[in-house]
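Working notes, beginning with the structure itself.
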There are 2 protein chains.
Amino acid sequence: MPITGRKALNRAGMRFTSQRALIMEIIRRGRGHLDADEIYRQARGKEPRLSLSTVYRTLQMLKKLNVVDELHFDESHHHYEVKHSAEHYHLKCLGCGKVVEFSYPLSSYLKENVPAARDFDITVTEVSMSGYCARCRRGR
Amino acid sequence: MPITGRKALNRAGMRFTSQRALIMEIIRRGRGHLDADEIYRQARGKEPRLSLSTVYRTLQMLKKLNVVDELHFDESHHHYEVKHSAEHYHLKCLGCGKVVEFSYPLSSYLKENVPAARDFDITVTEVSMSGYCARCRRGR
DNA sequence: AATTTAATTGCAAATGATTAGCATTACTAA
DNA sequence: TTAGTAATGCTAATCATTTGCAATTAAATT
């Protein structure tokens with residue numbers, strides 16, 4: 001089940017290219033939260049001539065098509081993941097860098113409980129928590 | 001009531017300089033959520049020779065001293081605000097850019113309700129929601 | 001108050017992440 | 001098959017932030 005098929009792209013006036021197929025494949029497989037550079041590195045393994053610009057352009061496109069989410073951890077670059085159907089968030093360990101996901105219907109919860117959110121039409125909710133996982137906590 | 005007095009800095013082996021005083025003053029007054037460049041622009045009104053490096057260095061210092069928080073909206077640069085005592089988060093309007101704050105004890109709520117968060121020692125929780133405020137929603 | 005010394009500054013240049021310009025390539029529709 | 005035009009791969013630009021270093025200057029010491 002491809003993320004975005006040839007037809008879907010064509011319908012939008014876009015083209016299905018080998019580079020895009022490759023990049024989408026990498027994002028889909030890499031269950032983690034890849035950043036542009038990691039995607040680039042993996043892609044070059046298959047297609048050494050592929051450029052970093054293409055990675056960025058494809059990422060922008062997928063973001064616009066609502067296929068991937070861009071995550072902002074406390075870093076200078078972004079991470080990307082395939083859009084999940086279920087609402088979920090991230091918990092990042094400052095010790096080992098591990099990222100734990102958890103599902104939670106936070107946006108509806110907040111909408112109900114936060115007065116300020118009530119007359120807002122909220123389209124994006126981003127939560128990122130960090131701290132130390134059990135293992136790393138012990139080692140300190 | 002200065003954010004960080006001369007004594008507090010000296011105790012930490014640091015110096016109290018006019019530049020730092022000015023930058024802290026600007027952050028404290030600018031109730032909003034200033035970015036480095038805005039702070040720089042305001043500071044230059046008073047001290048035209050002050051450099052952007054100094055702004056960044058001071059910001060890093062204040063972050064380390066736990067005096068300011070660095071906020072990551074969905075932008076390529078960061079924003080800064082004086083650390084509040086009360087836990088609060090942000091709601092940003094994608095139409096007019098307005099940022100609304102709301103207080104909410106979210107971290108303890110999540111700690112209680114999210115199993116994955118239970119054995120984590122959470123030190124930072126960041127939430128940012130965006131959407132359209134009532135006024136902007138009408139204009140669409 | 002004068003002297004010392006090490007933190008801080010300003011400037012310029014470096015870095016890292018991302019974007020843009022443009023000639024060339026290669027999907028697609030006709 | 002071909003014409004038309006997205007998309008690619010370069011390289012160079014941009015934006016935000018950091019760094020190196022010589023010149024200042026705050027604060028501890030005399």
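Side chains are part of it too, since the values below use all heavy atoms of this structure and drop only hydrogens, waters and symmetry mates. Protein chains get the first letters and strands the later ones, always in sequence-line order, with residue 1 at the start of each.
A:D35 approaches A:H77 most closely through the heavy-atom pair OD2-NE2, 3.2 Å. Summarising the geometry of B:S107 relative to B:T125, their closest heavy-atom pair is CB-OG1, 3.5 Å, with the distance given to 0.1 Å. Closest approach of A:Y40 to A:S51, counting heavy atoms only: CE1-C, 3.6 Å.
Residues B:L59 and B:E70 fail the side-chain proximity criterion, which asks for heavy atoms closer than 4.5 Å. Two residues are said to be in side-chain contact when any heavy atoms from C-beta on lie closer than 4.5 Å; B:D69 and B:V82 fail this criterion.
Remark: C1' of C:dC27 and CD of A:Q19 are 11 Å apart, rounded to the nearest angstrom. Whole-Å rounding puts the B:L22 CG to C:dG10 C1' distance at 15 Å. Rounded to an integer number of Å, the gap from CD1 of B:I23 to P of C:dT8 is 13 Å. Here the P atom of nucleotide C:dT8 and the CZ atom of B:F16 are 12 Å apart, to the nearest Å. Rounding to whole angstrom units, CG of residue A:L9 and C1' of C:dC27 are separated by 12 Å.
Separation of the A:Y104 and A:H88 ring centroids does not fall under the 6.0 Å cut-off.
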Name the atoms and distances for all side-chain donor-acceptor pairs under 3.5 Å in residues 90-101 of chain B, with sequence neighbours left out.
residue: B:H90; atom: NE2; partner: B:H33; partner atom: NE2; Å: 3.2
residue: B:H90; atom: NE2; partner: B:E81; partner atom: OE1; Å: 3.3
residue: B:K92; atom: NZ; partner: B:E75; partner atom: OE2; Å: 3.0
residue: B:E101; atom: OE1; partner: B:H84; partner atom: NE2; Å: 3.4
residue: B:E101; atom: OE2; partner: B:H33; partner atom: NE2; Å: 2.9

N/O donor-acceptor pairs under 3.5 Å from side chains in residues 12-19 of chain B, not counting sequence neighbours:
residue: B:T17; atom: OG1; partner: B:R20; partner atom: N; Å: 3.2
residue: B:S18; atom: OG; partner: B:E47; partner atom: OE2; Å: 3.3

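Side chains of B:E126 and B:H72: a donor-acceptor N/O pair is present below 3.5 angstrom, by distance only.
Contact footprint of chain A on DNA chain D: nucleotides with an atom under 4.0 Å from a non-hydrogen protein atom, first to last in 5' to 3' order, D:dG4 to D:dT11.
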As a quick check of understanding, evaluate side chain to side chain contact (heavy atoms under 4.5 Å, CB included) for A:Y89 and A:F102, giving each step before the final call. CA-CA 6 Å; A:Y89 301 100; A:F102 62 91; 3.7 Å; yes
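Every salt bridge (charged side-chain N to carboxylate O under 4.0 Å, His left out) that A:R41 has, sequence neighbours left out, goes to A:D37, A:E38.
If one axis is set at each end of the helix from C:dA1-D:dT30 to C:dA30-D:dT1 from five pairs, those axes are 40° apart, to 10°.
Across the interface with DNA chain C, nearest-nucleotide mapping of B:R15 and B:R44 shows B:R15 to be the residue nearer the 5′ end.
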Base, backbone or nothing for each nucleotide of nucleotides 13-22 of chain C, written B, S, -, heavy atoms under 4.0 angstrom, 5' to 3'? ----SBBBB-
